[in-house]
Amino acid sequence: MTVLAFSGNPLDRASERRSDPAWLQAQAVAGLYLPFWQTRPFVLDQRAGFLPWRDGWEGATCIFLGLDGTQPLFAVDLAGESEPALGQGGFQEMRASAFVLPARDTAIAGQAKALLDWHKRHGFCPNCATRTQIQDGGYRRLCPNCSAEHFPRTDPVVIMLPLFRHADGREECLVGRNKRFPLPLYSAFAGFVEPGESMEEAVRRELREEVNLDAGVVTYHASQPWPFPSSLMLGCYAQALSRDFQIDGHEIADARWLGKEEARARLADTIDDDMRLPVTIAIAHHLIKDWAQR
Ligand SMILES: [Zn+2]
């Protein structure tokens, strides 16, 4: 089973203990801290750069990540216009870090990024506009005025590869080029699940909207946390009821059917033309690869 980037987090989040302020304070004293600056993790020697607490970090948003064995780990969000100097190492963009860090560090840094992002954008109560307070090591915010509780959000996104099966059993998948993609990238289709919608219904709706394709059976494949800023990608296959499609011209600029042999060749980067498939950290890469190899 492939471990997708940002999944496989090894930490014990100690969710049953982190609401105890005395326990949390004891962890903070013994803790190591992963600094973030402008949503970028601190990277040191190609690892997540956990450091002992430093003077000057008081007042920064600080969240509990979990226990690595017995070692408590935290993340701290450093402010400032210019990059804080922490000796060797530096702050690297999260996506780029995922190509450099070991899988476990990518997952831990992704957890930290999603949480810190949420705190940065949810400092005030949506109910009464009072500034809210961090609780439970960062897994809850409490409004001191109206007592409303607010929890970090995870937004479900469906990402799906339509498959068409010919009468002879041969299969093709449909990949599309989103207008927002850097030029030659073709990928699976994706969209947010809306309120009052099942995962399967979101898959069918998005395919109708983006490529006017009718889909039948939807099969769940795997999921991936995707901290940009707080998505959970739900990877699916969708049975295409016909080969006919029509791009919307708005979100999708082009779409093409690929056979398994061509998909394998493109994933191996042996075809040099104007079409590229997604990189390995994206679940779309694995949706295409896992289908093409079966
Ligand atoms: Zn309130």
Side-chain angles (χ1 to χ4, degrees), residues 2 4-7 38-40 92-100 106 110 113-114 117 154-164 172-194 199 202-213 215 218 221-238 240 243-292:
T2 310
L4 295 161
F6 299 106
S7 66
Q38 295 191 352
T39 74
R40 299 168 182 201
Q92 289 188 17
E93 200 272 324
M94 185 72 252
R95 232 176 280 246
S97 304
F99 289 98
V100 175
T106 298
K113 180 183 180 295
D117 261 8
T154 295
D155 303 314
V157 173
V158 285
I159 179 160
M160 54 282 182
L161 192 66
L163 303 176
F164 181 76
E172 290 177 293
C173 75
L174 187 67
V175 288
R177 181 164 74 72
N178 193 298
K179 284 197 163 168
R180 290 177 294 113
F181 289 165
L183 259 179
L185 177 65
Y186 285 71
S187 187
F189 300 88
F192 286 103
V193 179
E194 295 190 348
M199 179 182 77
V203 165
R204 294 190 194 101
R205 173 182 55 76
E206 286 287 341
L207 289 175
R208 271 197 310 274
E209 287 175 6
E210 295 190 350
V211 278
N212 197 19
L213 184 78
V218 171
H221 184 59
S223 67
Q224 178 188 37
W226 190 248
F228 304 100
S230 55
S231 296
L232 178 66
M233 310 300 285
L234 304 169
C236 297
Y237 295 109
R243 247 180 131 263
D244 298 332
F245 68 87
Q246 189 176 20
I247 56 167
D248 68 356
H250 169 64
E251 211 171 332
I252 302 298
D254 188 27
R256 289 164 61 174
W257 289 102
L258 289 185
K260 286 187 175 180
E261 197 176 336
E262 182 182 353
R264 285 195 296 266
R266 291 191 177 280
L267 289 168
D269 224 1
T270 56
I271 300 177
D272 186 19
D273 63 2
D274 65 343
M275 181 183 193
R276 287 288 172 278
L277 294 182
V279 290
T280 53
I281 67 163
I283 191 173
H285 174 98
H286 298 277
L287 278 172
I288 297 168
K289 183 172 144 188
D290 292 352
W291 163 76

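FYI, side chains are in, hydrogens and waters are out, and symmetry mates aren't considered; it's all heavy atoms of this structure.
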His286 vs Gln224 side-chain heavy atoms within contact, under 4.5 Å: no
Worked verdict on Ile281 versus Trp226 for side chain to side chain contact (heavy atoms under 4.5 Å, CB included): CA-CA 10 Å; Ile281 67 163; Trp226 190 248; 4.0 Å; yes
Residue pair Val175 / Leu161, side-chain heavy-atom distance below 4.5 Å: yes
Under 3.5 Å donor-acceptor, Thr270 side chain and Ala265 backbone: yes
Phe192 versus Ser231, closest heavy-atom pair with distance: CE2-OG, 4.0 Å
Step-by-step side chain to side chain contact (heavy atoms under 4.5 Å, CB included) determination, Cys173 to Leu163: CA-CA 4 Å; Cys173 75; Leu163 303 176; 3.6 Å; yes
Validation row: Leu258, Met275 side chains within 4.5 angstrom (heavy atoms): yes
Side-chain heavy-atom pair Leu174, Trp257 within 4.5 angstrom cut-off: yes
Close side-chain approach of Glu209 and Glu251, heavy atoms under 4.5 Å: no
Beyond-backbone contact of Glu262 with Ile271, side-chain heavy atoms, under 4.5 angstrom: yes
Other residues, nucleotides, ligands: >12 heavy atoms within 6.0 Å of Glu93 CD: yes
Side chain to side chain contact (heavy atoms under 4.5 Å, CB included) evaluation trace for Asn178 with Ile252: CA-CA 4 Å; Asn178 193 298; Ile252 302 298; 4.3 Å; yes
Contact summary for Ile288 and Pro278, nearest pair of heavy atoms: CD1-CD, 3.9 Å
Student check: side-chain heavy atoms of Phe99 and Val279 closer than 4.5 Å: yes
Test item: Arg276 and Asp269 side chains (from C-beta on) under 4.5 Å apart, heavy atoms: yes
